[in-house]
Amino acid sequence: MSRMNMVEALNNGLHLGMRENENVVLLGEDVGLLGGVFRVSAGLQETFGTDRVLDTPLSETGIIASAIGMALYGLRPIAEIQFADFAFPAFDQIINELAKYRYRSGNQLTTPVLVRMPVGGGVGGGLYHSQSPESHFAHTAGLKVVIPSNPYDAKGLLLAALREQDPVIFLEPKKLYRTTSAEVPDGAFTVPIGSARRVREGTDVTLICYGAMVPLAEDVARRAAEEQIQVDVLDLRSLLPLDIETVLASVQKTHRIVIVHEAPRTCGYGAELASLIVEKAFWSLDAPILRVTGFDTPFPYRLEKEYLPTSDRILDALRTTVAA
Amino acid sequence: MSRMNMVEALNNGLHLGMRENENVVLLGEDVGLLGGVFRVSAGLQETFGTDRVLDTPLSETGIIASAIGMALYGLRPIAEIQFADFAFPAFDQIINELAKYRYRSGNQLTTPVLVRMPVGGGVGGGLYHSQSPESHFAHTAGLKVVIPSNPYDAKGLLLAALREQDPVIFLEPKKLYRTTSAEVPDGAFTVPIGSARRVREGTDVTLICYGAMVPLAEDVARRAAEEQIQVDVLDLRSLLPLDIETVLASVQKTHRIVIVHEAPRTCGYGAELASLIVEKAFWSLDAPILRVTGFDTPFPYRLEKEYLPTSDRILDALRTTVAA
Amino acid sequence: MSETELIRVLGDDDTSPAPYHPSLDDESLLALYRRMVQTRLFDAEMIRLHRQGRVSIYSSSEGEEALAVAAAMTLSEEDWLFPDYRVSGALFERGVPMEEFLAQLFGTSKDLSKGRQIPTHYGSRQRHIASISSPVGNGIAHAVGFAWAARIKKGPEVVLTFFGDGATSEEGFHTGMNIAGVHKLPVVFVCRNNQYAISVPFNLQTGSDTIAVKAKAYGFDGVRVDGTDALAVHDVVREAVERARKGGGPTLVEGVSYRHGAHSTSDDDTRYRKAAEAEAWRKRDPIDRFGRYLKSRGLWDDARDAALRETLESRIQTAVAEAEAAPPPPLESLFDDVYDDLPWHLREQRQDLTDHLRGLKGRKP
Amino acid sequence: MSETELIRVLGDDDTSPAPYHPSLDDESLLALYRRMVQTRLFDAEMIRLHRQGRVSIYSSSEGEEALAVAAAMTLSEEDWLFPDYRVSGALFERGVPMEEFLAQLFGTSKDLSKGRQIPTHYGSRQRHIASISSPVGNGIAHAVGFAWAARIKKGPEVVLTFFGDGATSEEGFHTGMNIAGVHKLPVVFVCRNNQYAISVPFNLQTGSDTIAVKAKAYGFDGVRVDGTDALAVHDVVREAVERARKGGGPTLVEGVSYRHGAHSTSDDDTRYRKAAEAEAWRKRDPIDRFGRYLKSRGLWDDARDAALRETLESRIQTAVAEAEAAPPPPLESLFDDVYDDLPWHLREQRQDLTDHLRGLKGRKP
Ligand SMILES: Cc1ncc(C[n+]2csc(CCOP(=O)(O)OP(=O)(O)O)c2C)c(N)n1
Ligand SMILES: Cc1ncc(C[n+]2csc(CCOP(=O)(O)OP(=O)(O)O)c2C)c(N)n1
Ligand SMILES: [Mg+2]
Ligand SMILES: [Mg+2]
């Protein structure tokens, strides 16, 4: 066990994963000599050499396409996109190629690429260093999508993703990179993909969240408890596949749901969550499902704090839901 | 009035739009000399010349980026993407640039580009000539998204979109291009963006659909009527902004909802619809909202008929909903 | 060699100039010819099948068989091919039986890709052929990633990728060429410059006079070869493959050619090009030219040609009959291979569909 | 001019060789110098403000002022600039007052873009400057679309776009250059080849020896100019702008330069490059070099230099104080300009937020 922040936990996980399997390579912009602009890959090139930690030209299409080609060869590439906002230039390779290769080849050729990218706001990044594109990925059959909210899960999910036989989109909430640290085992361990985590037990209302919203939700739940609202907080960790059982179990207990995410509301991941709950547990619901999300605007710069879900806005939603 | 199929109606609308405003230009792959692979732009280059109907190199990024540059100059470009599946190579330009230009420039510089693309299945197009990416666009603040289901709306929405001051994603259900024809006025008229159409009046259950699902829904509604299920069929026509009033009015009348679309279910547009209805009309609902959609797989080829929503599957969902 | 010089072996009379010594022995020369004819006849049969509604769409390589076959012929078994939709001859040359390709074209249960792709979008792990996708240019960059992996793992593989002139405008070409140039990867880029991308002529596709010159932007060499001259194509690509294998890095080969037919069975090329243009190119038909060369060398004659065509026609007919008879893929296969496992939501969707089809749904409360 | 020749005006002693006649009159030469010094001092002040937590991020153009300023100086008022994040000098040269640029850097209510973008991502319709976005290379293709429109409308505009060496790997560069080449559009591509894209050195960015040669792939000319030589930059870009204006088509200008500082205030360049390398380039500081030239011509001296710097420093201080005092944009502006109108869902979201902030929500049943 060591105390690690999320960057350290990811870095540690990358070291272990690369040591464990010599077919793992890491590629991306600035991942080598610099060790990544967030330093998640610090020291890896020194340890594993320039043949396994590859600084690429400035082309996200090139990064993902190369990773696909490498995976076809038999490597297990980890592709870093410097910011999730810059996954859009590679969308065609991700959606039309990476996600569909196994299917379209009839299971002959597979592309188990792990695509890492920092997501989300809270760091003053403005329009192009803050976006949360998870629902685009979750809409794409053939991808798995995970997002840790703490150093332990970050490492465990990373190592689990490295054992997956399918492409995994690994979203790293950049706001959490260095804000908290936790005890994390030094050795290898995995957090299974597809399993949510109950962060806090409660009976009055379920608060579903993921990524950087989790610490915020914990804080809100504490405040709610002071008002005698006991919140069941779920950290999804895995968006595709979703841990539907844990979600439904909580619905059956609390009958009231609030969903939180940073991404814009319309067609965000919260829409899918709400729809699934209505489909599968309509008769258990005692109140409308509320969504507290980023607004349906581009991500702003100076008014970022006003844009992102706040503790107050979530608390309001909890109160409304419980009172309904 | 003339009888036109959708291709003819669109072609007619394009002629009118280009005649009306000399700043309208059309650009894309094969739109000029060939008149488009679906012949939607047939005759336009002959009429308006090679300065207004532009055959571009094979680069969707180039098409959208050029259109943005042209719009900044003051033109009103219509950009054709040959198939919606090939919008993915241009996603960065659409999502990061086209949708955000007005916002990020503080309303100084705007990009009123109309982006046309054929969408959907039903024509044996397989993985890459069948996709329905509407929820990606609907998740993108700054875009408007429309999709006609008949020749009249196609022309009216096209002419409305040409008067918009914002980028419009104009989705053309390719299956409907030539399957039906209708009486369409010869002159200019508009169908307002943001307004749904009640296709059929019913009291038992609301069937919400758009695009190529509309004729199917009409057929299902007829069959349901034989079983004494009276279906209120809504053709959304506009996905962003949505005509929420028409939707809610129908919910308040029928209390039961089925949503149909071709795109994969998870994080599809139906998720947003269901969530909005739950948020705004939870107490009016008498049954879970069901979604009949494409499955969460890539779009297949030989088993396309099994993949797409069928009249039977929709009817089953209507029965289930009414019986719930 | 400059990027604008056009490499030719066959002279205007389709005999080779005196000093030329073909790098292929007589048997290989004949094999190359036979493969080109096979491709021509196969493509023609597919167009017939399309007219009869038996194949939904097809892209013929008529006029470009030399490029597909002679280039693919230079590869060794360990090498990999990243093709596009217009090189059936290259697939045959890699050993793909016609029955197997036809299973793909019909999308039957015998199709390696389980009926999931439109015709010509073949792929085979066993035969070292990547899975073809439709978005133009994407495979180019996969080929480069594959070659990068081969370099890293010190594997013996050389990678060859085919694409058209239009594809050079896409990002897959740009980023693939760029990465190949940075790392001097063992990859050969073969561009069929057939003058059109569907209807868009070369002069609206790019401002450069040749495709070959584009290699300069990435720090390696481009070669321009007469794409209707099978011997020239073979020599140029063979040299490029050898260079790649020896660590000499990538080459861009521009094969100057012409699509004799329409872009695909969905296209009508009379809308955008003059019959005279096609006529002129037909005079330089790669099969005719190569046949004349073989005859001039005494290796071939009309009787053998007629016999070959007859044999091939009947093999094609047999293969079609066999392939077409196979049933479609089973319903459940819709949900397979999205993932290695079957997540709950797909299991549910599969169950829903099978229940529905068994008539069980909607009658329950 | 070949793509590998490096165009220089200033010799190693920073005086120009005898036969050179500057295309700028003495006054303009001094204006160019002053603008470069202004840019240098302004950038330095922003780095100071960042250290004090007053500006969140900044990309300095230290060492590359000649490229930004001398190139922008060649434009006429009707022309348009499509810049990136490292050319503050070009903005000033287009007439942007420091106060206005600072309003953007602080994201205040006076910011033309309403505090919506991170520092340096300026844009101004009035000054014919496109709105800068972060995804590298995208603006290059917008510049080309703008030039295409100018061609169609027979407008007088020439378009100039700035980008770095790393940007040449992106699709915006490839597709923009390609389209410009097809239609011989009036656009000048100015690439600052400062040898690094953040940490990635030029030899890992592309396999070509120069950026200039890449123009060949698109059928037009590239020129390689000493980017630390303000006179050479000016002459080369002026010629390119004139060519574009006369209908002679696009030019790619590669300015060979060096980023003296880190990529941005978030970067630590000591992790990936040697101090000695930067030291060597600092000896070719564009401002020092140009200053020595002016002195050699008797147009400038140390006393005037000191006075200039003092004046500029105080103007910068005043501008900062004024700009920083402005309030942030109003809350409601969050929802403006997503669309021309305000659709119902945004109206609702705005109402929810303001209600919430007024403490009205959640207390209702
Ligand atoms: C990204 C993308 N855009 C558009 C298309 C539609 N399309 C298919 S083939 C083709 C033309 C290809 O031309 P070229 O590369 O010259 O190859 P050729 O067919 O001439 O052999 C086009 C535009 C596509 N498949 N993918
Ligand atoms: C599409 C995209 N990918 C990555 C980034 C992150 N990024 C910002 S600047 C930069 C390097 C740019 O290098 P170059 O083009 O050489 O310009 P320079 O900063 O050296 O002037 C990178 C990788 C980005 N902004 N956009
Ligand atoms: Mg072609
Ligand atoms: Mg650089």
Side-chain angles (χ1 to χ4, degrees), chain A residues 22-23 25 27 50-52 54-75 77 89-90 92-93 95-97 99-113 141-144 164-167 193-194 240-245 276 280, chain C residues 80 82 104 111-117 121-126 129-135 137-155 157 159 170-172 174-176 178-179 181-183 187 329 333 335-341 343-346 348:
Chain A
E22 63 176 16
N23 286 328
V25 296
L27 70 163
T50 49
D51 255 6
R52 292 187 60 197
L54 311 160
D55 277 322
T56 65
L58 214 179
S59 166
E60 289 72 19
T61 291
I63 294 168
I64 301 298
S66 294
I68 290 172
M70 290 173 174
L72 294 174
Y73 190 89
L75 299 186
D92 185 44
Q93 286 288 345
I95 290 183
N96 272 336
E97 302 288 342
K100 299 182 178 28
Y101 220 110
R102 181 194 290 276
Y103 195 76
R104 80 167 188 242
S105 73
N107 210 28
Q108 295 182 87
L109 293 158
T110 62
T111 51
V113 176
L143 301 178
K144 299 197 171 183
E164 278 288 320
Q165 298 308 314
D166 288 299
I193 291 179
L240 185 65
L242 170 70
D243 183 350
I244 187 74
E245 286 173 23
L276 277 174
K280 296 181 177 296
Chain C
W80 272 73
F82 284 70
Q104 197 287 318
D111 173 16
L112 296 177
S113 52
K114 306 187 185 173
R116 298 212 179 107
Q117 292 232 66
H121 289 47
Y122 174 90
S124 164
R125 172 189 256 310
Q126 185 205 336
I129 300 173
S131 164
I132 301 172
S133 73
S134 306
N138 283 359
I140 304 173
H142 300 163
V144 171
F146 193 95
W148 198 352
R151 156 69 46 80
I152 290 168
K153 288 302 203 178
K154 304 192 174 46
E157 299 88 351
V159 183
E170 283 285 4
E171 163 125 61
H174 180 55
T175 199
N178 190 43
I179 292 172
V182 170
H183 297 284
V187 52
S333 73
F335 302 91
D336 294 339
D337 312 331
V338 182
Y339 301 95
D340 186 41
D341 53 354
W344 68 266
H345 64 288
L346 282 175
E348 246 183 47

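Keep in mind it's a predicted model, so treat the numbers as computed, not measured. Note on naming: letters A, B, ... go to the chains in the order of the sequence lines (proteins, then strands), and numbering restarts at 1 for each one.
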Assess whether side chain to side chain contact (heavy atoms under 4.5 Å, CB included) is satisfied between C:K154 and A:D51, documenting all intermediate values.
-> CA-CA 11 Å; C:K154 304 192 174 46; A:D51 255 6; 4.1 Å; yes
Rounded to the nearest 0.5 Å, what's the gap from CG on A:L109 to CG on C:D337? Could you check?
-> 11.5 Å
Those residues at least two apart in sequence (or on a different chain) that pass ring-ring contact (aromatic ring centres under 6.0 Å, His included) with C:H345 are none
Test item: side-chain donor near acceptor, C:S133 and A:E97, under 3.5 Å = yes
Among C:A141, C:G172, C:S131, C:G123, the residue with the most heavy-atom pairs under 4.5 Å to chain A is C:S131
Report yes or no: does A:D166 contribute a side-chain atom to a donor-acceptor pair with the main-chain N or O of C:D340 at less than 3.5 Å?
-> yes
Do C:T175 and A:S59 have side-chain N/O donor and acceptor atoms under 3.5 Å apart?
-> yes
Side chain / backbone / both / neither for A:L143 at chain C, heavy atoms under 4.5 Å | backbone
Region of C:E348 that comes under 4.5 Å of a non-hydrogen atom in chain A | side chain
Could you tell me which portion of C:N138 (side chain, backbone, both or neither) has an atom closer than 4.5 angstrom to a non-hydrogen atom of chain A?
-> both
Which region of C:A130, side chain (C-beta onward) or backbone (N, CA, C, O), has a non-hydrogen atom less than 4.5 Å from a non-hydrogen atom of chain A, or is it both or neither?
-> both
Measuring heavy-atom distances to chain C, does A:L72 have an atom under 4.5 Å in its side chain, in its backbone, in both, or in neither?
-> both
Do you know which of A:R52, A:E22, A:K100 has the most heavy-atom pairs under 4.5 Å to chain C?
-> A:E22
A:E245, part contacting chain C, at a heavy-atom distance under 4.5 Å = neither
Looking only at A:G142, A:G62, A:P241, most heavy-atom pairs under 4.5 Å shared with chain C are made by A:G142
Okay, A:N107 and chain C: the region with an atom under 4.5 Å from a heavy atom over there is both
Listed by chain and number, what are the ring-ring contact (aromatic ring centres under 6.0 Å, His included) partners of C:F146, not counting sequence neighbours?
-> A:Y73, C:W80, C:F82
Top of A:S105, A:A141, A:A67, A:P112 for chain C proximity - count of heavy-atom pairs under 4.5 angstrom | A:S105
Please lay out, stage by stage, how C:W148 and A:V25 fare under the test side chain to side chain contact (heavy atoms under 4.5 Å, CB included).
-> CA-CA 11 Å; C:W148 198 352; A:V25 296; over 6 Å; no
Cut-off 4.5 Å, heavy atoms of chain A, and the answer for C:A150 is both
Give, as side chain, backbone, both or neither, the part of C:D336 having an atom under 4.5 angstrom from any heavy atom of chain A.
-> backbone
Per-residue contact mode, C:I132 against chain A (heavy atom under 4.5 angstrom) | backbone
When the 4.5 angstrom heavy-atom criterion is applied to C:V338 and chain A, the contacting part is both
Which atom pair, heavy atoms only, marks the closest approach of C:H142 to A:Q93?
-> NE2-OE1, 2.8 Å
Of the listed residues (A:T110, A:L27, A:I63, A:L54), which shares the most heavy-atom pairs with chain C below a 4.5 Å separation?
-> A:L54
Please determine, among C:P135, C:G115, C:G155, the option with the most heavy-atom pairs under 4.5 Å with chain A.
-> C:P135
Is the closest basic N to carboxylate O distance between C:D341 and A:K144 below 4.0 Å?
-> yes
Heavy-atom contact with chain A under 4.5 Å, split by part of C:R116 | side chain
Quick one: what part of C:Q104 sits under 4.5 Å from any heavy atom of chain A, side chain, backbone, both or neither?
-> neither
Going through the checks in order, is the side chain to side chain contact (heavy atoms under 4.5 Å, CB included) test met by A:D92 and C:E171?
-> CA-CA 10 Å; A:D92 185 44; C:E171 163 125 61; over 6 Å; no
Given A:Q108 and C:S124, is the side chain to side chain contact (heavy atoms under 4.5 Å, CB included) satisfied, shown in steps?
-> CA-CA 7 Å; A:Q108 295 182 87; C:S124 164; 4.1 Å; yes
Would you check if the side chain of C:Y339 reaches a backbone N or O of A:P167 as a donor-acceptor pair within less than 3.5 Å?
-> no
